[in-house]
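The block underneath contains the structure these notes are about, expressed in structure tokens.
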Number of protein chains: 2
Amino acid sequence: MRGQTKKQPPSGSVNIKQVAAELGVSLATVSRALSHPHLLRAETRERVLAAIDRLGYQPNLIARDLRLRESRLVFVVVPSLSPFFLEVFRGVERGAREGGYTVLMGHSERDPSREQLFLDQVASRRADGVILVTSAEPGLMAARKRHMPPVVAALETIEGQAFPTVRVDHRKASMDATNHLLALGHRRIAHIAGPQKSPMAAHRLEGFQAAMAAAGLDATAYPQLAGNFTVAFGEEAMEALLACNPPPTAVFAANDEMAVGAIQTIKRAGLQVGRDVSVIGFDDQRIASLYEPSLTTIKVPTEELGYRSMLSLWDLLRGRPAEEDTVLQTSLIIRSTTGPPPG
Amino acid sequence: MRGQTKKQPPSGSVNIKQVAAELGVSLATVSRALSHPHLLRAETRERVLAAIDRLGYQPNLIARDLRLRESRLVFVVVPSLSPFFLEVFRGVERGAREGGYTVLMGHSERDPSREQLFLDQVASRRADGVILVTSAEPGLMAARKRHMPPVVAALETIEGQAFPTVRVDHRKASMDATNHLLALGHRRIAHIAGPQKSPMAAHRLEGFQAAMAAAGLDATAYPQLAGNFTVAFGEEAMEALLACNPPPTAVFAANDEMAVGAIQTIKRAGLQVGRDVSVIGFDDQRIASLYEPSLTTIKVPTEELGYRSMLSLWDLLRGRPAEEDTVLQTSLIIRSTTGPPPG
DNA sequence: GCTCCAAATGGAAACGTTTACAATTGAATT
DNA sequence: AATTCAATTGTAAACGTTTCCATTTGGAGC
């Protein structure tokens, strides 16, 4: 490495200068052959393009980004690696494609410092904008006064920040879910909540509480369980609930994964889901319809959420005013895990 | 925008020059305060750091990347947005974290030109390396002589390319799956294959054929179905198979999704899975254990695949020789969807 | 007070592009 | 033939860092 001669390029990335030298034209001409071909005489253009091909020249995007101050890249930051977020990602991709942007996904693990890391990447021009699909604790991002890149929040408002937001009304949707159980005649209803720190989980919990209160019922009759949105936690939580006396006749889980966990436990206890105990989930992930029995749940338009987020990001990137708060509709999908209470 | 004065910085990204000016020190000093603090007198360092904080300065990573010619970024390119690949991603992340790298995921949709796009991104220094989790058609990448960035292939060899590879033996694993069915006494066995263009799917098919041939059976007795690894295709394919006379007593699907689809159809036909018809999948995705009945399948160590790929990429990035071909073990997971043939 | 030397700082080149501006070319118009 | 002007090309400045090398600073040792 040390003793390498200067003449010999580092055996690989050939740069614009070398192409120019090869032909005896200026850098500008080579650059233009790629970015503004119409500025060149046809014959020159051909000659340059041929040389580019011959030498295997690929423009260094980093240098271009630095000069142009844009990368045509968008990051999607998700809090966890679940299929749910993949669909949001898919929607973003659909939107981005239309405008010639490339989308990359980063994983924050619900860790605000990792979220900040991606934001910093964008602030320093590694990407032009970010779509934060997150449920991050509020406030942490404002900790230090930083240059904020174009950000759109998907799925849930980010408190303390004025990002354009594309979301669903988690609170209302939870009321819908709870009301469904109430309408079936259930009175002993428990909720398995998501992480306490997550505003989204908090909103889902609030909806449950509000609906219960409206029906004159005590939302705190059963242990207040707050989990991490996993099947495993759903199983555990359900064990705790079945140990109660009397046990609930219906359970509303804050997402499908925990609902599936709960059902696994119910089955294992020899009870029949939808008859002995009703279960309703949230999200309508694919497993909800595939699972046996198929899961009653709240459908969240994930793909659309991603798509609309990207549209808003577009506005931001174009310097146009973006819609502040877009709320998409959820819907109650009634399948086989809910029915009237026994007896 | 036009009439903006030069003095007023673009109301946002403040650069190193401005920090230096603010303090009356040189650019070099500010740079060193962040990258080589020990080179500065304690008092200077404090003063610079304070100013950096006060002005909200964040180094422009693009400029740094250009100068340093590295980004400490790694891309993982997946062919489809399935949970299966998320786990590989998770493994890569675990490996990358250890070395202070950040991982971003891109989606190629099995489209070689999109795969090339990500490769180009890396070749032009947007990232330091790529892990290609792919089943791309061979040859297409070599189309034009390009500067090849550090690439590791995960899951499957990429034909015509000499990338270090971390994979499983799809052919052998398929033989294991088929032999399991044969050992149970099945003779009428069908295979639902993946996309014909995918070498991975081809290898899985080969394994099936080899095992059948070894047992003296005709692997082509049933329609040769090649799908797109989705539940929907599994459903369709199974319909076609049930229409045969006599229908197969066992089906080996090239992945769990298609296996689940097949089972859905079998159930819908009023038959019992594992008794009337046995089904075996491939991958051991999470749904395999959650599904009812739980799915017999081949476990692929996805997370480990990602982790080991990242280790190999490390070697590449360090200029060390990377292991050429790492083969991880698969295992047969026997659950409830396979049993002896009826009668 | 000098000399010497390490420690601390500054100046400027380099990373590889794009593009404003200047310079050249060449054909059309007078 | 001189003039004009569009089309084509070249020159060089920027984008914002990091770091080599040179220069300054400030003690320690004499």
Side-chain angles (χ1 to χ4, degrees), chain A residues 2 6 9-10 12-49 51-52 55-72 120-121 123-126 128 147, chain B residues 2 6 9-10 12-49 51-52 55-72 120-121 123-126 128 147:
Chain A
R2 284 278 143 166
K6 264 281 162 79
S13 42
V14 17
N15 61 20
I16 201 174
K17 204 164 172 181
Q18 295 168 23
V19 179
E22 168 91 1
L23 293 172
V25 300
S26 73
L27 305 190
T29 302
V30 179
S31 174
R32 283 194 270 252
L34 292 171
S35 350
H36 308 288
H38 64 278
L39 289 179
L40 262 45
R41 221 173 51 206
E43 187 244 327
T44 318
R45 184 173 50 231
E46 297 312 326
R47 235 161 38 95
V48 175
L49 258 21
I52 283 174
L55 299 180
Y57 166 68
Q58 291 178 261
N60 179 321
L61 294 182
I62 287 299
R64 169 185 290 170
D65 293 349
L66 178 59
R67 173 63 221 234
L68 263 31
R69 313 165 110 194
E70 69 154 17
S71 58
R72 312 217 113 231
D120 287 348
Q121 301 263 343
S124 46
R125 303 266 167 215
R126 284 234 174 111
D128 295 343
H147 173 225
Chain B
R2 285 277 144 166
K6 263 282 163 81
S13 43
V14 17
N15 61 21
I16 202 173
K17 205 164 173 181
Q18 296 169 23
V19 179
E22 168 91 1
L23 293 172
V25 300
S26 74
L27 305 189
T29 301
V30 178
S31 174
R32 282 193 271 251
L34 292 170
S35 349
H36 307 288
H38 64 278
L39 288 179
L40 261 45
R41 222 174 50 205
E43 187 242 326
T44 318
R45 184 173 50 229
E46 297 311 325
R47 236 161 37 96
V48 175
L49 257 21
I52 283 174
L55 299 181
Y57 166 67
Q58 292 178 260
N60 180 320
L61 294 181
I62 287 299
R64 170 184 290 169
D65 293 349
L66 178 58
R67 172 63 222 234
L68 262 33
R69 315 166 109 194
E70 70 154 15
S71 58
R72 313 217 109 224
D120 286 348
Q121 301 264 343
S124 46
R125 301 267 167 215
R126 285 234 174 111
D128 296 343
H147 172 223

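Only this structure's heavy atoms are used, side chains among them; waters, hydrogens and symmetry mates stay out. All figures in this text were calculated on a predicted structure; none of them were measured in a lab. The sequence lines fix the lettering, A, B, ..., with proteins before strands; numbering per chain opens at 1.
- Within the structure, every pair that satisfies the side-chain hydrogen bond (donor to acceptor under 3.5 Å, both in side chains) test and touches residues 29-38 of chain B, not counting sequence neighbours, is listed here: B:S26-B:T29.
- Residues B:I16 and B:Y57 come closest through the heavy atom pair N-CE1, 3.4 Å.
- Rounded to whole angstrom, the span from the CZ atom of B:R125 across to the P atom of C:dA14 amounts to 19 Å.
- What separates CG of A:L39 from P of D:dT9 is a distance of 10 Å, to the nearest Å.
- To the nearest angstrom, P of C:dT18 lies 13 Å from CG of A:L40.
- The phosphate of D:dT8 has neither OP1 nor OP2 within less than 4.0 Å of any side-chain N or O from A:T44.
- Remark: B:S124 OG to A:R64 CZ distance equals 8.5 Å, nearest 0.5 Å.
- One interatomic measurement links the two molecules: CZ of B:R47 to P of C:dA8, which rounds to 15 Å at whole-angstrom precision.
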| request: Kindly determine whether B:E43 and B:R47 satisfy side-chain contact (heavy atoms from CB on, under 4.5 Å), including the steps that lead there. | output: CA-CA 6 Å; B:E43 187 242 326; B:R47 236 161 37 96; 3.5 Å; yes

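- Distance A:E70 CD to C:dT17 C1': 13 Å, rounded to the nearest Å.
- Per the geometry, CZ belonging to A:R41 stands 8 Å off P belonging to C:dG26, to the nearest Å.
- Here the side chains of A:L61 and B:R125 are not in contact, with every heavy-atom distance at 4.5 Å or above.
- Spacing between atom CG of A:L61 and atom P of C:dT17 amounts to 9 Å, rounded to whole angstrom units.
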| request: Starting from the C-alpha separation in whole Å, work towards a yes-or-no answer on side-chain contact (heavy atoms from CB on, under 4.5 Å) for A:V30 and A:I52. | output: CA-CA 8 Å; A:V30 179; A:I52 283 174; 4.2 Å; yes

Can you check nucleotides 16-20 of chain D for protein contacts, nitrogen or oxygen pairs under 3.5 Å, and list what you find?
unit_1	atom_1	unit_2	atom_2	d
D:dG16	OP1	A:R69	NH2	2.7
D:dG16	N2	B:A63	O	3.4
D:dT17	OP1	B:Y57	OH	3.1
D:dT17	OP1	B:N60	N	3.2
D:dT17	OP2	B:I16	N	2.8
D:dT17	O5'	B:Y57	OH	3.0
D:dT18	OP1	B:R64	NE	2.9
D:dT18	OP1	B:R64	NH2	3.1
D:dT18	OP2	B:S31	OG	2.5
D:dT18	O2	B:R67	NH1	2.2
D:dT19	OP2	B:H36	NE2	2.9

